[in-house]
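One structure below.
Order of the sequence lines fixes the chain letters, A, B, ..., with proteins taken first and strands second; residue numbering starts at 1 for each chain.
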Amino acid sequence: MLGSGLLSGLAVTAKNLVGSFHDPARLTTVEYPEQQAKLPEAYRNFPFLVSENATDPMGTLRCVACQICEKECPPQCIYIEKSKDKKPDATGKLQLYPAIFDIDTSVCMSCQICVEVCPFEAIKMDQVFAIATTDRFDALLLKREQLAKPNAYYHTIHPTEAAEVDARLATERKAAAEKAAAAAAAKAAAPKPPAPPPAA
Amino acid sequence: MMALILIALVTLASAAAAMLLRNLIHSALLLTASWAGLAAFYLWAGAEFVAFAQVLVYVGAISMVVLFAVLLTRPPQPMPVTPPNTLGRALVALITGGAVLGVFIGAIVSSPLPATAAPAPTVSVKQLGLELAGRHAGALLIVGALLTVALLGAVVLAATDREPVGASLDDVRGRPPGTPLQKSGDAP
Amino acid sequence: MNADSILERGPLLVRDWLVSFLPEPARWLAGSLLAITAVIVAFASLFALLTLIERKVLARVQNRPGPNRVGIPLTKIRLFGLGQPLADGIKMLTKEDIVPRSADRVLHFLAPVALLAFAILTFAVIPFGRHLVPVELEAGVLYFFAAGAATELAVFMAGWASRNKYSLLAAMRALAQLISYELPLLLSVVPVVMLAGTLSTTGIVERQGGWTFGLLPQWHVFTPWGAAGFAIFFVAALAESNRSPFDLPEAESELIAGHLTEYSGFKYALFFMAEYFGMCALCGMGVTLFLGGWQAPLSFLAFIPSYIWFGAKLMTLLLAFMWVRATLPRLRIDQLTRLAWKFLVPLALVNLGVAAFWSLSADWTGAVRLTRWLIAAMLLAGPFVLLGRKLTAGLAPRIYRYAT
């Protein structure tokens with residue numbers, strides 16, 4: 001009959017109205033600044049630089065200032081200056097490091113291309129969203145000190161992905177160490193012939 | 001007495017302004033104001049029911065019809081050029097105005113004005129209703145029919161003002177797919 | 001309870017005491033001004049509260065907590081967000097008042113003022129309590145609808161004066177809506193006037209006193225014609241006060257904000273206030289005409305003062321308005337006018353006939369009283385079902401397919 005739809009609609013809203021008072025499970029929102037909903041693991045926003053440990057973030061950046069991300073970045077929001085000297089990386093090999101690594105967050109569009117092109121797993125996507133500032137010039141240009149976050153943080157925000165990355169890095173480093181050991185042994189055995197053909 | 005003069009001034013001033021203004025919407029709104037002035041006059045005279053009926057019917061409903069008519073009808077393009085002040089126009093205006101004035105003066109002169117102010121008759125709403133539905137039922141029906149006809153007239157005016165919608169729609173439907181909407185003659 | 005108890009006469013005693021400080025000639029004027037001030041203050045604070053309650057109710061229906069942050073400034077005390085209306089008011093006051101360059105400045109200014117003035121005028125004849133009627137008029141009901149009819153003129157002024165296409169469209173819609181819904185609104189009231197035999201609001205309330213079998217109050221809504229009339233009045237009142245699902249003049253999804261598009265700052269606040277005042281006045285009239293006004297629902301509850309009963313009924317009706325708003329989607333303009341002309345007006349006319357039958361069969365007694373009820377109910381239910389079938393033929397039931 002005419003009007004039965006109206007009545008059943010009214011019943012639905014009345015049920016919600018009463019239910020939301022005694023059934024907290026119905027409430028779909030949280031009281032934001034005090035409570036924060038857990039973000040899904042796949043949520044990505046803004047890149048950060050991975051450092052190996054938290055105590056010396058600037059000394060253990062994975063970034064070797066190869067500048068691929070700077071070239072690939074579609075809105076050109078990354079600015080890198082290479083260092084003059086070299087520092088040993090996690091495997092002990094001497095590498096360049098970024099003397100300056102800036103990301104302009106007002107330009108960055110969180111496209112994740114920098115992450116995909118990085119051969120060193122040095123830049124990853126963060127989960128920040130509360131990035132409002134009171135200064136629209138300097139505060140929007142993040143320096144490498146602000147961008148560097150330890151690998152442990154990466155594990156907390158994207159655990160699955162971070163575990164994969166760590167496993168990959170471990171095998172790569174193991175292979176590199178074996179190669180170095182083999183090369184050293186070969187060097188010791190026969191100093192004259194050239195290096196063995198590349199394994200990989 | 002002061003109140004009466006004030007009401008009369010407001011009513012007449014807004015009626016005069018409604019005639020003189022070029023902006024039709026302003027005229028319509030001022031006309032509504034002068035109707036409200038009439039209602040105020042009824043209220044001053046102690047005719048509560050008539051005053052509220054006046055507001056309900058004129059300010060509430062007829063003003064809407066007037067505004068609808070103003071908004072839905074467009075002046076014919078181009079505007080008819082009225083000839084400047086000719087003798088014929090002046091004559092017609094004089095005759096019309098004179099006739100109205102004559103009727104009004106006749107009505108005022110022929111109605112007996114008592115020397116002393118007579119006490120206002122106390123008429124209850126119920127009596128008024130019985131009178132309207134009984135003795136003056138015919139007049140009430142005629143007024144109602146008149147208003148209905150006016151409303152229908154407004155609809156007709158507004159409807160004939162436009163291009164025939166159905167025909168143009170058929171044109172659009174009947175055209176082969178891919179052809180532009182404009183007429184062939186307009187094609188560049 | 002006797003009509004002269006201290007609680008019933010409380011507001012009058014306060015007024016007389018305050019006025020007694022003045023010399024005799026000024027007392028009448030001061031008394032009237034006091035009554036006006038009391039009505040405006042009461043309904044302005046009700047308006048402030050309603051904006052918060054409405055947002056909370058809408059939020060709860062959508063399973064959200066609603067605004068609950070603003071409490072006492074500079075402290076951590078929140079008071080369930082009771083400070084929100086104050087914060088909104090300060091925000092409105094401090095915002096820039098913008099008038100478009102090509103707008104009609106006089107009408108643009110006049111529209112909110114006129115709207116609020118007419119909305120306040122309608123409060124004059126509503127009996128808020130046994131002794132609390134601002135103005136006793138013989139033709140009170142007529143006065144109410146006369147003052148209410150003028151509000152839509154102000155909406156038109158706002159829409160036209162803004163010189164904005166959205167505003168003008170809203171103005172046209174407002175006019176169409178008013179013309180359509182004024183008719184069922186008035187036709188639903190006519191049976192009440194007919195049966196009560198008076199146009200005075202106090203008279204109508206007094207006619208609804210007493211209880212059938214000492215239990216069922218003799219309110220108009222508990223008769224067949226009264227129930228139908230109340231339903232029609234409710235729907236038409238929703239439309240008259242531009243409330244959802246009939247809020248076409250300010251349909252934000254299609255017309256930005258309708259006639260409010262070019263209004264900002266305090267003028268906007270005035271419009272908002274006038275809308276709520278109009279809603280309160282229409283609900284008050286609905287309470288007066290159909291829900292027994294200030295009469296208590298049960299005889300042993302009559303010790304509670306009459307104005308509290310009126311307030312409770314008013315709040316119930318306002319909450320029902322919010323409930324409907326939270327439930328129903330907005331109508332299209334053609335659906336809106338079709339509902340009025342093809343459904344509500346015929347039903348209201350049928351209801352008029354039923355009311356006539358009811359008044360003619362008033363002297364039926366005994367078991368015949370039951371047949372009187374049955375006949376009246378059948379007379380209403382028949383056209384309702386037939387009209388509903390005819391109007392929804394080919395439309396219902398609709399099947400919605402959701403992505404799973």
Original post:
At their closest point, which heavy atom of C:Leu142 faces which heavy atom of B:Ala53, and how far apart are they?
Top reply: CD2-N, 3.7 Å
Original post:
Do other residues, nucleotides or ligands put more than 12 heavy atoms under 6.0 Å from the CZ atom of C:Phe145?
Top reply: yes
Subject >> Residue C:Met172 versus chain B: region with a heavy atom under 4.5 Å >> reply: both
Subject >> Derivation of the side-chain contact (heavy atoms from CB on, under 4.5 Å) call for C:Leu199 and B:Phe49 >> reply: CA-CA 10 Å; C:Leu199 272 169; B:Phe49 183 85; 3.6 Å; yes
Original post:
In terms of heavy-atom contacts, does CZ of C:Phe357 have more than 12 from other residues, nucleotides or ligands at under 6.0 Å?
Top reply: yes
Subject >> Selection from B:Val57, B:Asn23, B:Thr32 maximising heavy-atom pairs under 4.5 Å formed with chain C >> reply: B:Asn23
**OP:** Give a yes or no on whether B:Phe41 atom CZ has more than 12 heavy-atom contacts from other residues, nucleotides or ligands under 6.0 Å away.
**Re:** no
Subject >> B:Tyr58, OH atom: more than 12 neighbouring heavy atoms under 6.0 Å >> reply: no
**OP:** With rounding to the nearest 0.5 Å, note down the distance linking CG in B:Leu56 to CZ in C:Phe144.
**Re:** 11.5 Å
Original post:
Between C:Glu182 and chain B, which part of the residue has a heavy atom less than 4.5 Å away: side chain, backbone, both or neither?
Top reply: side chain
**OP:** Measure the spacing between CD1 of B:Ile25 and CG of C:Leu107 and express it to the nearest 0.5 Å.
**Re:** 9.0 Å
Original post:
For B:Phe52 and C:Leu137, what are the C-alpha separation, side-chain angles and deciding distance, and is it a side-chain contact (heavy atoms from CB on, under 4.5 Å)?
Top reply: CA-CA 11 Å; B:Phe52 299 147; C:Leu137 284 178; 3.6 Å; yes
Original post:
Got a second to check how far C:Gln177's CD is from B:Met64's CE, nearest 0.5 Å?
Top reply: 11.5 Å
Original post:
Are there more than 12 heavy atoms of other residues, nucleotides or ligands under 6.0 Å from atom CZ of C:Arg163?
Top reply: no
Subject >> Choice from B:Val55, B:Val59, B:Leu67 maximising heavy atom contacts with chain C below 4.5 Å >> reply: B:Leu67
Original post:
Where on C:Ala176 is there a heavy atom nearer than 4.5 Å to chain B: the side chain, the backbone, both, or neither?
Top reply: both
